[in-house]
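In this text, all values refer to a predicted model and were calculated from it rather than measured experimentally.
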Amino acid sequence: MKAVIAENLIKTYNKGSVKALDGLSLDVEEGTVLGVLGPNGAGKTTVVRILATLLSPDSGSATVAGIDVLKNPEEVRKVIGLSGQYAAVDETLTGWDNLIMFGRLYHLSAIDAKRRAVELLEQFSLTDSAKRPIRTYSGGMRRRLDLAASLIIRPKVLFLDEPTTGLDPRGRQDMWGVIDELVKSGVTLLLTTQYLEEADHLADEIAVIDHGKVIARGTSDSLKRQVGGERLEIVVESENLAAVKEIVARVSGSAINVDEGLRQISAPVTTGSKALIEAAKLLDEQGIHPLDIGLKRPSLDDVFLSLTGHVAEDKKEEEVLVGRGRGKGK
Amino acid sequence: MMNAISDALIITKRQLLQLARVPEVLIFSTIQPIMFVLLFRYVFGGSIDTGQPGGYVQLLMPGIFVQTVAFTLAATAVGLAADMQKGLIDRFRSLPISRAAVVFGRTLGDGVLNIVVLAAMGITGFVVGWRPSSGPIMITLGFLFLFLFGFAMSWVGVLIGLAVKDERVAQNATFIAVFPLTFLSNAFAPTTGMPKPLQYVAEWNPVSTMVAGCRQLFGLQNEFGATAGSFPSDNPLLMSLIYMVIIMAIFIPLSIRKYSNAANK
Ligand SMILES: Nc1ncnc2c1ncn2[C@@H]1O[C@H](COP(=O)(O)OP(=O)(O)O)[C@@H](O)[C@H]1O
Ligand SMILES: [Mg+2]
């Protein structure tokens, strides 16, 4: 069964001059993780906000857990959890205060709200900081508390909008761990990200979006295959480049790429590790010791580049986001 | 419906909890009006002849009460704009709660804050010579009027806060709106000294009718410049009530609608 279905969503801003979503369709199988991967401005937040009932599309339709998002938003809100791009918890209150408040707003009894807060604080390693104002939390702790708040009612469908943007590598690792655990518990998750490795790591399936449209979808492996199969890559000392090119030609036969700057020779291969072993044997026979040799599968970076014609620019965006801090009120 | 009320009270409780966590906010929002009482009492008090037994402070207190509760508009706008800016409103809107709960909770919370501030000002006033003479029932009624006016103004603030979505813009915009409103009135000085067109504005200004109404309820005869003969100066209490009803009838539904579509643009 599909836990999320979005069909042909269109959303424009500023009287039609900005097309945030341009006929976007996607679906998420129950109990799986869909990674919505796209650069800044691709429309990720917009689609999450529509699915979470915060925003109405100009046209198109969507269901979450079988409930129509546009016709029946109140029912949808009872089964979803949302953790936005900017951690939305009350900063002057403590972590405990926040969880109790949100628990009560989900109509848990006072006792249940407390019980759930204790559980969640434990689950997200925040027990020790429970009585401190969120203001004093690190970025990663803030995100974890935000995530905890979205899990109070054990939602059927969870939306995470760029859960690790702006976190340091350590915070990102922690967050991945937390999300991995959640996924094991069987929640259906729609997660957006600008980070290729994040989608690779967390998602069962990936929908690549750009300019408000899904431009490719599939598992990380199938997307990579779409771009091309494996490549044999050998790095050698400059004086051996010509000889090695000969060897690679015997193993692969076609489209050999020589990068003199990197001293690297690469070519597509169809026989996988066999080609690798053969190349290694030939190198050895001629007494050439490669600095590096291996089979490379295309990265999601390659996928993105070949699909969109531009790189994902995640490094650049990260700096922009950090620089702007948390003040992106939309 | 019951859920809507209990949801709103949770939001109100959140605001009170904030005050408990950062008591400085409450301290400073109380000190400021107290300081105003003292400044006006001792700076202008000597030079304005009121012809009123007990002097300027009798007339001043209702004026400064009304000014203070009028600024609830700013407090509400700033609070909601901050919630908007930080994405909290988004989270609230993704919860299965009534569309009215968050904004109702906020206006109630700001109302509670008003009670604390009015009490502190009243006590300060008493210390520096304010002696309302109308008896406990009328005095209570006076404070009830003030509370209601603050509540009505708070709903205007809801709409502004949700519309501007930025704490600092909300702060500046509302101060620019409320300051002239409170000074173009009979709150601190007689309107008779103003140019004619301004006198007219001042007479119909809800702040003036509120001030005049409260002066009545606190037992003063002289309404301080409200020239007899016009409807608002002859019926300040009625006129104030009408204003409050109109403000709430317009701004409560508009605010709730704004909240429901808070981020559709
Ligand atoms: N409130 C808004 N007003 C005008 N344009 C907007 C608004 N929100 C988003 N957009 C535009 O819509 C596009 C998609 O935005 P968004 O969904 O936030 O992208 P992402 O989350 O992938 O970065 C961008 O071009 C963005 O500038
Ligand atoms: Mg976004």
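Among the candidates A/Leu93, A/Thr53, A/Val79, the residue making the largest number of heavy-atom pairs closer than 4.5 Å to chain B is A/Leu93. Of the listed residues (B/Ile11, B/Leu95, B/Ile97, B/Asp83), the one with the most heavy-atom contacts under 4.5 Å to chain A is B/Leu95. Interface summary for chain B: among A/Asn14, A/Ile80, A/Leu105, the most heavy-atom pairs under 4.5 angstrom belong to A/Leu105.
Salt-bridge formation is not detected for the pair A/Arg143/A/Asp146: no Lys NZ or Arg NE/NH1/NH2 atom is positioned less than 4.0 Å from an Asp or Glu carboxylate oxygen. Between A/Lys131 and A/Asp97, none of the side-chain N atoms (NZ, or NE/NH1/NH2) sits under 4.0 Å from a carboxylate O, so this pair counts as no salt bridge. Under the 4.0 Å criterion applied to side-chain N and carboxylate O atoms, A/Glu30 and A/Lys2 are not assigned as salt-bridge partners. Note on B/Arg14 versus A/Asp90: salt bridge recorded, some NZ/NE/NH1/NH2 to OD/OE distance being below 4.0 Å.
Looking at B/Asp7, the atoms closer than 4.5 Å to chain A (heavy atoms on both sides) sit in the backbone and in the side chain alike. Only the side chain of A/Phe102 comes within less than 4.5 Å of a heavy atom of chain B; its backbone N, CA, C and O stay farther away.
Atom OG of A/Ser25 sits about 10.5 Å away from atom CD1 of A/Ile5, to the nearest 0.5 Å.
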